[in-house]
Amino acid sequence: MDAVKVGLLGLGTVGCGTVTVLARNGEEITRRAGRGIRIVQAAARDLDKPRICETTGIELTTDPFAVVNNPDIDIVVELIGGDGLARDLVMQAIDQGKHVVTANKALIAKHGNAIFAAAQEKGVMVAFEAAVAGGIPIIKAIREGLAGNRIEWLAGIINGTGNFILTEMRDKGRDFADVLKEAQELGYAEADPTFDVEGIDAAHKLTILASIAFGIPLQFEATYTEGISNITREDVAYAEELGYRIKHLGLTRRTDAGVELRVHPTLIPERRLIANVDGVMNAVLVMGDAVGPTLYYGAGAGAEPTASAVVADLVDVVRVLTSDPENRVPHLAFQADALSDLPILEMDQVETAYYLRMLAEDRPGVLAEVTRILGDAGISIEAIIQKEPRPGTDKVDIILLTHRVREASMNDAIAAIENLAAIHDKVVRIRMETLGAD
Ligand code: NDP
Ligand code: HSE
């Protein structure tokens, strides 16, 4: 049988990784898919740019719509990024009856509901394994491998750039900006790296994971998002002193009141496996009612790890080219007409534990005032440490760990603490999760 013809949009980090992996493993991939997979045309902005892959035999163009409209092409692989042009290209490809593979989480998180509806109507597939956690097959694991479970919650380190930065800052005391520059050079970072450091990329990915886990529509706008740019070396060191690691987590949990959907730096007990996931590696911990906790680990970014997921999607699409559209695995794991309207909780309704750091005057009674405010708000303290005065000042860092409390109560308590005359600067708040089996 003839090879399936693929059109590639983008010849950057992931595009080139895909060309390389398909070429190197072509024979085994054909044996798996049942047919060869051949990239016949590819689009990039600048055809004179040196590429890290071999493009001989691929027709190159600067017009991505020429690829999408090419009648010879069966599958369009979108690796341009962004959610403007990419959306138009993907919608056009679907309209042309072509299957789509994409690594673009921004596109899926923001426009996935419309894209999947169009794909359903046209009977084509839109595969997006590479959009979450790079090379880890987490979409397949949740959508298919855990299909027998009621997923209770999941938590993941789902941005490789952010984890790389936090790890290098902790282990080598490196400067934030310097590590970010290296992540960009290594091809890990988004075109706009604020997506990585401000948590937007992780929020895109968490949005997708929550939909697949709970059978809810994609709701990116409802995701609470905080990045890592305010994490200081002091907080990292104090957390370690208390037996915790700070990780940038995406966390979604089903509660009686609704779904928690949140991305923020989080203290995790250092004994948890996920607390020891370092560098560009990602990990997702999924709690199913039948299987219990399962952990998925692997490279979260980079050319070939991401290409691994893109090529797996290509193989999946090729395998089902002949199958009945009604019986394909649904895009969001649950049948499109069976999605649930569970509400997403506002952040102040969420319950979690906290790490608090405050700069206080070193005099009697200050600690008592702080603990009284917390006590009055019904917040109980798990641990407390007071450091030596900062050099040349009479001010000390006080670090507190609390038990779980509703975010609204913590907001009130922090406001009251910041109003104390003896407290200087803002109170640093980092949420804390034990991620145990309970
Ligand atoms: P790059 O910036 O490395 O590559 C983008 C490619 O798209 C380039 O080849 C660029 O051309 C091409 N391109 C951009 N605009 C146009 C246009 N208007 N017409 C034609 N070609 C265009 O991005 P990545 O490979 O890093 O990322 C691609 C996608 O994969 C993004 O959605 C990203 O979020 C996602 N992703 C990335 C991962 C990673 O590790 N990098 C991991 C997982 C997902 P030119 O080269 O000529 O400039
Ligand atoms: N910029 C992303 C990251 C790429 O660092 O995780 C992988 O999605």
Side-chain angles (χ1 to χ4, degrees), residues 81-83 104-106 109-110 131-134 154-171 174-184 186-210 219-239 244-252 260-268 274-275 277-284 300-301 344 346-348 350 352 354-357 407 410-411 414 425-433:
D83 64 277
N104 190 336
K105 49 272 164 147
K110 292 177 77 176
V132 182
L154 63 83
I157 296 170
I158 46 181
N159 183 268
T161 302
N163 202 42
F164 181 67
I165 293 172
L166 286 179
T167 305
E168 293 286 306
M169 281 172 67
R170 188 195 73 211
D171 291 354
R174 286 179 65 190
D175 180 57
F176 188 102
D178 171 46
V179 191
L180 173 59
K181 190 163 164 282
E182 187 183 347
Q184 288 178 288
L186 290 166
Y188 301 158
E190 293 303 299
D192 176 355
T194 57
F195 276 46
D196 296 292
V197 297
E198 296 306 341
I200 301 160
D201 178 74
H204 288 146
K205 293 165 177 167
L206 186 71
T207 301
I208 296 170
L209 289 178
Q219 294 164 80
F220 169 65
E221 284 72 20
T223 307
Y224 175 81
T225 307
E226 228 180 80
I228 58 167
S229 53
N230 292 327
I231 298 293
T232 64
R233 280 197 216 134
E234 288 78 24
D235 290 322
V236 171
Y238 294 156
Y244 291 82
R245 293 267 164 84
I246 299 180
K247 290 292 177 190
H248 191 229
L249 274 198
L251 195 148
T252 184
E260 294 180 11
L261 197 53
R262 50 190 171 106
V263 167
H264 50 68
T266 311
L267 266 75
I268 308 171
I274 196 169
V277 170
D278 287 335
V280 74
M281 304 309 270
N282 279 191
V284 183
I344 305 294
E346 295 290 337
M347 194 59 192
D348 63 6
V350 162
T352 181
Y354 295 85
Y355 160 104
L356 302 178
R357 172 169 61 80
E407 178 106 351
M410 184 52 83
N411 290 341
I414 287 177
D425 299 341
K426 290 274 181 209
V427 172
V428 171
R429 162 228 318 250
I430 306 178
R431 295 167 191 91
M432 202 166 86
E433 296 287 342

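Keep in mind the model is a prediction, meaning the values are calculated, not measured.
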**Student:** Give, for atom CZ of Arg357 and atom OH of Tyr238, the distance between the pair rounded to the nearest 0.5 Å.
**Tutor:** 6.5 Å
**Student:** Taking all non-hydrogen atoms of both residues, which atom of Arg245 and which atom of Ala275 are closest, and how far apart?
**Tutor:**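 In this case the closest contact between Arg245 and Ala275 is NH1-O, 3.4 Å.
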**Student:** Please report the C-alpha distance between Leu251 and Tyr224 in whole Å, then the side-chain angles of each, then the deciding distance to 0.1 Å, and finally whether the side-chain contact (heavy atoms from CB on, under 4.5 Å) criterion is met.
**Tutor:** CA-CA 10 Å; Leu251 195 148; Tyr224 175 81; over 6 Å; no
**Student:** Shortest non-hydrogen contact from Pro265 to Ile430?
**Tutor:**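 It is O-CG2, 3.4 Å.
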**Student:** Would Thr167 and Lys247 satisfy side-chain contact (heavy atoms from CB on, under 4.5 Å), going step by step from the backbone distance to the final call?
**Tutor:** CA-CA 9 Å; Thr167 305; Lys247 290 292 177 190; 4.1 Å; yes
**Student:** Hey, could you give me the CD/CG distance between Glu346 and Leu261, rounded to the nearest 0.5 Å?
**Tutor:** 11.5 Å
**Student:** Is the closest side-chain heavy-atom distance between Asp178 and Glu168 below 4.5 Å?
**Tutor:** no
**Student:** Enter the distance from Glu433:CD to Ile268:CD1 here, rounded to the nearest 0.5 Å.
**Tutor:**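 Separation between the atoms: 8.5 Å.
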**Student:** Counting C-beta onward and ignoring hydrogens, is there a side-chain heavy-atom pair between Leu180 and Pro193 closer than 4.5 Å?
**Tutor:** yes
**Student:** Can you name the closest pair of heavy atoms from Ala203 and Thr225 and give their distance?
**Tutor:** CB-OG1, 3.5 Å
**Student:** Which atom names give the shortest non-hydrogen contact between Ile165 and Val179, and what distance separates them?
**Tutor:**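 Closest heavy-atom pair between Ile165 and Val179: CA-CG1, 3.7 Å.
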**Student:** To the nearest 0.5 angstrom, please state how far the CE atom of Met169 sits from the CZ atom of Phe176.
**Tutor:** 7.0 Å
**Student:** Salt bridge or not for Asp235 and Arg429, using N-O below 4.0 Å?
**Tutor:** no
**Student:** Partners of Asp171 by side chain to side chain donor-acceptor pair (under 3.5 Å), sequence neighbours excluded?
**Tutor:** none
**Student:** Can you name the closest pair of heavy atoms from Ala155 and Ile274 and give their distance?
**Tutor:**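 Nearest heavy atoms, Ala155 then Ile274: O-CD1, 3.8 Å.
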**Student:** Please test Val263 against Ile200 for side-chain contact (heavy atoms from CB on, under 4.5 Å), starting from the C-alpha separation and ending with a verdict.
**Tutor:** CA-CA 9 Å; Val263 167; Ile200 301 160; over 6 Å; no
**Student:** Tell me, please, which residues at least two apart from Leu166 pass side chain to side chain contact (heavy atoms under 4.5 Å, CB included).
**Tutor:** Ile228, Ile231, His248
**Student:** Rounded to the nearest 0.5 Å, what separates atom NE2 in His204 from atom CG in Asn159?
**Tutor:**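 Result: 11.5 Å between the selected atoms.
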**Student:** Set out, in order, the CA-CA distance, both residues' side-chain angles and the distance that settles side-chain contact (heavy atoms from CB on, under 4.5 Å) for Asn104 and Asp83, then state yes or no.
**Tutor:** CA-CA 8 Å; Asn104 190 336; Asp83 64 277; 5.6 Å; no
**Student:** To the closest 0.5 Å, what do you measure between CD1 (Ile208) and CZ (Phe220)?
**Tutor:** 10.5 Å
**Student:** Just say parallel, tilted or perpendicular for the rings of Phe164 and Tyr188, cut-offs at 30° and 60°.
**Tutor:** perpendicular
**Student:** Ignoring hydrogens and angles, tell me if any N or O in the side chain of Asn163 forms a donor-acceptor pair with the backbone of Val280 under 3.5 Å.
**Tutor:** no
**Student:** For Glu182, which residues count as a salt bridge (Lys or Arg N to Asp or Glu O under 4.0 Å) partner, sequence neighbours excluded?
**Tutor:** Arg174
**Student:** Please check if atom CG in Asn230 has more than 12 non-hydrogen atoms from other residues, nucleotides or ligands closer than 6.0 Å.
**Tutor:**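 Check fails, neighbour count at 12 or below.
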**Student:** Residues in ring pair (Phe, Tyr, Trp, His ring centres under 6.0 Å) with Tyr355, at least two apart?
**Tutor:**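 Partners of Tyr355 by the ring pair (Phe, Tyr, Trp, His ring centres under 6.0 Å) criterion come out as none, since no residue qualifies.
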**Student:** Scan residues 195-208 for pairs that pass salt bridge (Lys or Arg N to Asp or Glu O under 4.0 Å), counting only residues two or more places apart or in two chains.
**Tutor:**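 Every pair satisfying salt bridge (Lys or Arg N to Asp or Glu O under 4.0 Å) with a residue in residues 195-208: Lys105-Asp201, Asp201-Lys205.
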**Student:** Looking only at heavy atoms, what is the nearest atom pair of Thr207 and Thr223, with distance?
**Tutor:** OG1-OG1, 3.3 Å
**Student:** Quick one: does Arg262's side chain get under 4.5 Å of Thr352's, heavy atoms only?
**Tutor:**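 The answer is yes, as the side chains (C-beta and beyond) meet within the 4.5 Å cut-off.
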**Student:** Which residues pass the salt bridge (Lys or Arg N to Asp or Glu O under 4.0 Å) test with Arg431, sequence neighbours left out?
**Tutor:** Glu226, Glu407
**Student:** Using a 3.5 Å distance criterion without hydrogens, assess whether the side chain of Thr252 forms a donor-acceptor pair with backbone atoms of Gly250.
**Tutor:**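 Judged by distance alone, no pair lies under 3.5 Å.
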**Student:** Check whether any side-chain heavy atom of Leu249 sits under 4.5 Å from a side-chain heavy atom of Ile157, and report yes or no.
**Tutor:**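 Yes, side chains in contact.
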